[in-house]
Amino acid sequence: MPATSCFSAAGLYHRKTRSAFAISACAPSSLQARRLARSWTSFKPNAVSEERSSGNLMNGVRTRVAPSPTGDPHVGTAYVALVNYCFAKKHGGEFILRIEDTDAARSTAESEGSILEALAWCGIAWDEGPDVGGPHGPYRQSERSEIYRRYAGELLAGGQAFYCFCSEGRLHEMRAAQRAAAQPSRYDGLCLSLSSDDVQRRLAAGEEHVVRLRVPDDGVCVVSDLRRGSVEFEYRSVDMQVLVKSDGMPTYHLANVVDDHLMRITHVFRGEEWLSSAPKHLLLYSYFGWEPPKLLHLPLLRNPDKSKLSKRKNPTGILFYRALGYLPEALVNFLALLANAARDGEDELMDLAAIVRRFEVEQVPIGGPVFDVEKLNWLNARYIRERLSPEALLDRASRWASGRARFERLAELSAPRIERLSDLAPLLAFLFSGRLVLEREDLRCPKLEEVEVRQAFVLAMSELDALPAWDAPGIETVVKRIADALGKRARDVARPFYVAITGSRTSIPLFDSMELLGRDLVRERLRNALALLGPPSKREQEAWELLLAPASVPA
RNA sequence: GGCCCCAUCAUCUAGAGGCCUAGGAUGCCGCCCUCUCACGGCGGUAACGCGGGUUCGAAUCCCGCUGGGGCUACCA
C-alpha cells in the first residue's frame, strides 16, 4: 500500500529536519549573521509541518517536471516526467510543467517549443503549464522575476542571505586553495563580515554583486529521500550558493524552492544530480518557514559504458527516437519499465493507463540503468505487430513520413536530379532511413587525407551542436569555417559529408539535406561515419578543436 | 582533491535472513513451424564484485576494500 509507506516516510522526514535544526544553530559573527540568528530563533518549523501532516498526505498530490530549455529535449526528461506524471495520476493529483529558463544566455524559445512538443508526443499530458496556464502561473520562470526578487529580499532582510561582491578571480583562487588543502569547496564568508554601511555604500555605488545563501558553519543537514532514507550532509561541506545572479535573475536553487512552494508541489521526483544540492533547498524551505515537499532522487540514465547518458556517445533526444520511427507508446513503455520492472509472468507490454495503475513509487530503482536500445527495439516491434492493424500501421507510417520532411521542398530539390519518378526513392531514401550501411572505402576522397576527414567530422559534430538555430544557412557557415580551418575548398570538404549524411556521393544539396534530416540524426550519422574511420582520441579531439577556435580570431 | 549516491546474468531487473541447486524479460545460441526472412512455440547460455563480521542459517544485516556514478558555476 503506497499511501502507508509514503506516510511513514513523511514522518521520518519531519523528525529528522527538527533535529537538524537543533544542532545547526550557528555563531553570529557579523551584522548580517546577527540578523540570521534573530530570525532563526523566532522561526518555528514544526507548526506548519504538523498541521499538514495530520491530514491525508495523498490528498492534493501535485508533482512537476521542470526542464530547462537549453537544447534538444532529453529522454531523461521524459523519464522524470513520466515518474512524476504516474505518481500524480495514480493518486488523483495534478502534474505540472514548468519551464526553468533562468539561464538567459542559454535558454531559447525554440528549445522550449520542442520540449512541449516532445512530451506531448510521448502522451504525457500536463494539467498546468506555460501553454495551458493554470491557477499558479506564470509557469515560465523568466516571467516570475518579481516574485523571486521579493523572496530574495525577505531572506536578505532576515540575514539568511547576503550580498557578495567577490570577484571571479578571488573565488577561483579560494577554491584552488581549498582543493589544495583537501577542504570542501565552499564560499569562505568574506562578504558576511561586511558592515551594513559598507554593503549599502557599495550597492549605491553600483558595484556588481550577487546574493548568496547563508549556510551554517556547523551541524548536519538530513535529507530524507523516499528511497534512500536519510542522507546526511555536514553544513561545512555545503556551499553558500548564489541565489541571485548579477543580472538579477535567480539561480535554480532559489527559483525551484519558491516555485514549488507557491505552486503547492507536494512531491519532487528529480534526477540524482540534485541530491547534493538538496541541503541548500531544505535550508531555504526552513528560512522561509515552509514545509518542503517529499523528495526522491531518480537515477540517471546511462550509456552502455555506464557513464551518464550523453549525446556525445548516444542518441539522447526524444525527437530523435521519433525521427527514427519509434512509436511514442513504445518509448514510454520502455521508460516505464525502467521505473517499475514488470513482475514475473506479467506482460511487459502495457499502455499508459496500465503503467499509471501499477505504478509504485517505492519500486523505482535507484541504481542508474543503461538505456538498452535493443530492448526498446523489441518493444517497438511488438507494438507494430501486436497493437497496430495494417490500416493503422499504414496511417502511422504515412503520418510519420510527412512529419519527417516537407514534400514540396523535396520535390523542388529532386526534380533537376531525376530522369524517372522511380529515381526518387533511392535519392530520398536517406531521409527515411535509420543507420546507413557504409564502408570505410566510401568515405575516402581525393582531396582530403583520411585524418582530415576525421578532423572535419569531429569539428562538425561540436560546431553543429553549438549552432543556435538548425537551418541550411547556419550549417553552411559551419562547413565553410571548417574548410577554412583545414585550408581546403568547401566543396572538397563537403564531399565526405555527402557520403556520411546521405549515404551517396550524388544527392540533393548537402546543407538542405542536413536541415531536413534534423540535428539528432545528423549527429548520429556523423558519429556512425566516424566510428568507421576510428573515433578521435582524447588528445586528437582537444588538439583539433583548437584548430577552429583561435584560427578564427586573429589575423 | 572534497562531499554524496549506488553495486544480482552482457543489458533491464525480481529478491526485504531460511520459499534461491537465485525467478522473469531483452540479447545471444539451438530445435520446431515454414517457399525465404521475420513472427510464433520449445529449450539452452549466463549473475549475487572482494574480504571480514553478525546469525543455527546471508544475495538479503553491519564494517572495510574495490568498482561505477553524481555534484563540486553568477548551468540547470
Side-chain angles (χ1 to χ4, degrees), chain A residues 5 66-71 74 76-77 99-107 111 141 164-168 171-172 175-187 208-212 221 223 225 227-229 231-239 241-256 270-280 297-309 334-349 362-379 381-382 384-386:
Chain A
S5 50
S68 173
T70 53
H74 195 278
T77 303
I99 296 296
E100 308 237 332
D101 56 351
T102 55
D103 186 342
R106 293 199 306 149
S107 298
S111 172
Q141 291 186 328
C164 174
F165 302 89
C166 291
S167 70
E168 209 175 305
L171 293 172
H172 187 78
R175 291 186 186 116
Q178 285 166 336
R179 179 181 274 250
Q183 293 295 308
S185 179
R186 180 183 201 255
Y187 182 68
E208 190 159 280
H209 63 273
V210 299
V211 174
R212 282 181 187 278
C221 178
V223 175
D225 181 283
R227 290 284 284 110
R228 287 161 230 264
V231 181
E232 301 195 357
F233 295 85
E234 290 195 51
Y235 278 121
R236 55 180 292 277
S237 72
V238 177
D239 199 3
Q241 255 290 331
V242 169
L243 297 178
V244 180
K245 301 182 260 189
S246 56
D247 67 358
M249 286 288 257
T251 56
Y252 168 86
H253 305 286
L254 207 218
N256 105 82
R270 79 232 285 195
E272 190 183 355
E273 75 260 42
W274 295 111
L275 182 55
S276 45
S277 44
K280 296 162 196 167
H297 293 90
L298 302 168
L300 267 11
L301 271 24
R302 310 283 186 92
N303 295 310
D305 69 2
K306 302 275 192 183
S307 57
K308 175 163 91 165
L309 191 64
F334 172 71
L335 293 173
L337 255 15
L338 257 26
N340 273 188
R343 298 174 255 283
D344 284 11
E346 184 185 24
D347 190 354
E348 290 187 304
L349 191 84
E362 43 281 284
Q363 290 292 315
V364 176
I366 49 184
V370 170
F371 191 93
D372 182 9
V373 186
E374 297 288 347
K375 184 136 185 182
L376 173 59
N377 288 341
W378 169 77
L379 257 184
R382 281 195 63 189
I384 287 174
R385 77 177 92 94
E386 294 178 31

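Chain letters run A, B, ... following the sequence lines, proteins first and then strands; every chain starts at 1.
- For K280(A), no side-chain nitrogen or oxygen approaches OP1 or OP2 of rA76(B) to under 4.0 Å.
- In this structure, R228(A) does not reach the rC4(B) phosphate: none of its side-chain N or O atoms is under 4.0 Å from OP1 or OP2.
- Listed candidates were rC6(B), rU11(B), rC3(B). Nearest to the side chain of V370(A) is rU11(B).
- Here R175(A) reaches the OP1 or OP2 of rA73(B): one of its side-chain N or O atoms lies under 4.0 Å away.
- Within the 4.0 angstrom heavy-atom criterion, no nucleotide atom of any strand lies near S277(A).
- Across all strands, R302(A) comes closer than 4.0 Å only to sugar-phosphate atoms, never to a base (heavy-atom distances).
- A perpendicular orientation is assigned to the rings of F371(A) and F334(A), their planes being inclined by more than 60° (bins at 30° and 60°).
- Nearer the 5' end of RNA chain B, as judged by each residue's closest nucleotide, is the contact made by K375(A), out of R385(A) and K375(A).
- The interatomic distance linking Y235(A) (OH) with rC3(B) (P) rounds to 18 Å, in whole Å.
- P304(A) comes within contact range of no nucleotide atom at all, as no heavy-atom separation falls under 4.0 Å.
- Searching all strands for a Watson-Crick or G-U wobble partner of rC74(B) with both distances below 3.5 Å returns nothing.
- Across all strands shown, A182(A) has heavy atoms under 4.0 Å from sugar-phosphate atoms exclusively, and none from any base.
- Residue-level contact check: V210(A) touches the bases, meaning some heavy atom is under 4.0 Å from a base atom.
- Residue contacts shown for R343(A) are absent, as no nucleic acid heavy atom lies under 4.0 Å away.
- Between the CD1 atom of I366(A) and the P atom of rC5(B) there is a distance of 10 Å, given to the nearest Å.
- The nucleotide rC42(B) finds its pairing partner in rG30(B), both defining distances of the Watson-Crick or G-U wobble pair being shorter than 3.5 Å.
- With rounding to whole Å, R212(A) atom CZ is found 14 Å from rU72(B) atom P.
- Distances were taken from every side-chain heavy atom of W378(A) (C-beta onward) to each of rG27(B), rU13(B), rA76(B); the shortest belongs to rG27(B).
- Nearer to the 5' terminus of RNA chain B, by closest-nucleotide assignment, is the contact made by E348(A) (compared with the other of E348(A) and C166(A)).
- Listed pair S185(A) / rC71(B) fails the phosphate criterion, with no side-chain N or O lying under 4.0 Å from OP1 or OP2.
- rA10(B) and rG49(B) have their P atoms separated by 11 Å, given to the nearest Å.
- Within 4.0 Å of S246(A), counting heavy atoms only, lies at least one base atom of the nucleic acid.
- Side-chain N/O atoms of S307(A) include none lying less than 4.0 angstrom from OP1 or OP2 on rG68(B).
- Across all strands, F233(A) comes closer than 4.0 Å only to sugar-phosphate atoms, never to a base (heavy-atom distances).
- Between rU11(B) and K306(A), a contact under 4.0 Å exists linking OP1 or OP2 to a side-chain N or O.
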